[in-house]
Amino acid sequence: MITKVFADLTFDEQLAHLTTVAHRALTRWGYPANSHLKLLNYTENATFLVTTPEKPTMVMRVHRLAYTSRDSIHTELEWLAHLRAHTNLKVETPIPTPSGQLIEAIDTPELSERRFVVCFQFVQGESPVDSSDGNADIGGVIKVISAFPKALTLLVFR
């Protein structure tokens, strides 16, 4: 039996898979499984806006595979807490699960993988005008490149 891996999926299949991971993670934060997910950004991670009438709006980040460890994510979240406590910077606030966890691991048996997921309080605002990681910009490029034979493209686009 041949097992698919994430890197072999088409762009649309990758987005569908990441959305499935996000849906699986919703209940870990006490959100209904039918909460609405809107993809905000897909670069090294997939970032979703989560809305439901029963709960506050939040932002969910589904981490890229083999890009970071649980410990490094925890360090990032601690760093954000330190910045919030000791500076005037406005940084996102991680949301713990009802059991107090800031990081959850979501298994996806269909690809034999485990992805880390974190959630943050939603802060109203706009992305920087010069942001180069918008889906509208890079999504079309990745769709075109994903149709090329792998030998002709860089691994960064896979």
Side-chain angles (χ1 to χ4, degrees), residues 3-9 11 13-33 35-52 54-139 141-142 154-158:
T3 303
K4 275 190 158 183
V5 295
F6 185 79
D8 291 336
L9 300 178
F11 181 76
E13 290 171 331
Q14 287 180 359
L15 290 180
H17 177 72
L18 294 167
T19 302
T20 298
V21 172
H23 272 289
R24 288 179 182 163
L26 285 169
T27 57
R28 304 274 180 101
W29 273 268
Y31 278 65
S35 298
H36 178 73
L37 295 173
K38 177 185 176 188
L39 183 68
L40 296 175
N41 189 294
Y42 176 39
T43 54
E44 67 268 4
N45 304 308
T47 306
F48 296 90
L49 183 68
V50 180
T51 56
T52 185
E54 300 89 18
K55 297 280 217 172
T57 298
M58 71 175 178
V59 175
M60 177 183 287
R61 182 172 67 195
V62 178
H63 284 265
R64 182 169 117 186
L65 289 175
Y67 184 68
T68 190
S69 67
R70 180 184 286 271
D71 287 343
S72 66
I73 296 167
H74 182 73
T75 299
E76 173 198 2
L77 299 178
E78 289 293 318
W79 180 63
L80 290 172
H82 183 81
L83 288 174
R84 257 190 329 282
H86 299 285
T87 71
N88 291 327
L89 295 174
K90 293 180 182 178
V91 295
E92 62 268 12
T93 302
I95 299 173
T97 64
S99 66
Q101 300 298 311
L102 290 174
I103 306 165
E104 286 288 340
I106 306 299
D107 291 322
T108 56
E110 58 275 14
L111 294 183
S112 299
E113 67 177 34
R114 173 178 280 175
R115 287 188 182 262
F116 295 119
V117 177
V118 297
C119 292
F120 300 93
Q121 289 180 352
F122 174 72
V123 177
Q124 189 68 38
E126 295 181 19
S127 296
V129 174
D130 63 349
S131 176
S132 63
D133 60 1
N135 287 319
D137 298 329
I138 198 161
V141 173
I142 291 175
L154 298 172
L155 290 177
V156 73
F157 290 108
R158 297 287 176 187

Measuring from [X]:[atom1] to [Y]:[atom2], what's the distance to the nearest 0.5 Å?
X: L65; Y: R114; atom1: CG; atom2: CZ; answer: 11.5 Å
X: F120; Y: M58; atom1: CZ; atom2: CE; answer: 11.0 Å
X: T68; Y: I73; atom1: OG1; atom2: CD1; answer: 4.5 Å
X: L15; Y: Y42; atom1: CG; atom2: OH; answer: 6.0 Å
X: E78; Y: L102; atom1: CD; atom2: CG; answer: 7.5 Å
X: D107; Y: R24; atom1: CG; atom2: CZ; answer: 8.5 Å

What's the verdict on side-chain hydrogen bond (donor to acceptor under 3.5 Å, both in side chains) for E54 and T52, showing C-alpha distance, side-chain angles and the deciding distance?
CA-CA 5 Å; E54 300 89 18; T52 185; 2.4 Å; yes

Which is it for R84 and H82 under the side-chain hydrogen bond (donor to acceptor under 3.5 Å, both in side chains) test, yes or no, and what are the steps along the way?
CA-CA 5 Å; R84 257 190 329 282; H82 183 81; over 6 Å; no

cation_pi(R115, F6) dist<6.0 Å, angle<=45
yes

Nearest non-hydrogen partners of [X] and [Y], listed with the distance:
X: W29; Y: V117; answer: CH2-O, 3.3 Å
X: G30; Y: K55; answer: O-CE, 2.9 Å
X: V59; Y: L49; answer: CG2-CD1, 4.3 Å
X: L26; Y: A33; answer: CD1-O, 3.7 Å
X: T19; Y: F48; answer: OG1-CE2, 3.6 Å
X: P94; Y: L77; answer: CG-CD2, 3.7 Å

Do T20 side-chain atoms and A16 backbone N/O form a donor-acceptor pair below 3.5 Å?
yes

Begin from the C-alpha positions of T51 and L37 and carry the test side-chain contact (heavy atoms from CB on, under 4.5 Å) through to its verdict.
CA-CA 7 Å; T51 56; L37 295 173; over 6 Å; no

Is [Y] paired with [X] through a side-chain N to carboxylate O contact shorter than 4.0 Å?
X: E113; Y: R64; answer: no
X: R61; Y: E76; answer: yes
X: K4; Y: E110; answer: no
X: R28; Y: E104; answer: yes

Report the C-alpha distance between L111 and L9 in whole Å, list the side-chain angles of each, state the deciding distance to 0.1 Å, and finish with yes or no for side-chain contact (heavy atoms from CB on, under 4.5 Å).
CA-CA 10 Å; L111 294 183; L9 300 178; 3.9 Å; yes

Apply the test side-chain contact (heavy atoms from CB on, under 4.5 Å) to residues F122 and E92: give CA-CA distance (whole Å), side-chain angles for both, the deciding distance (0.1 Å), then the verdict.
CA-CA 8 Å; F122 174 72; E92 62 268 12; over 6 Å; no

Heavy-atom side-chain contact between S72 and Y67 under 4.5 Å:
no

With H63, which of L18, I103, V21, N45 fulfils side chain to side chain contact (heavy atoms under 4.5 Å, CB included)?
N45

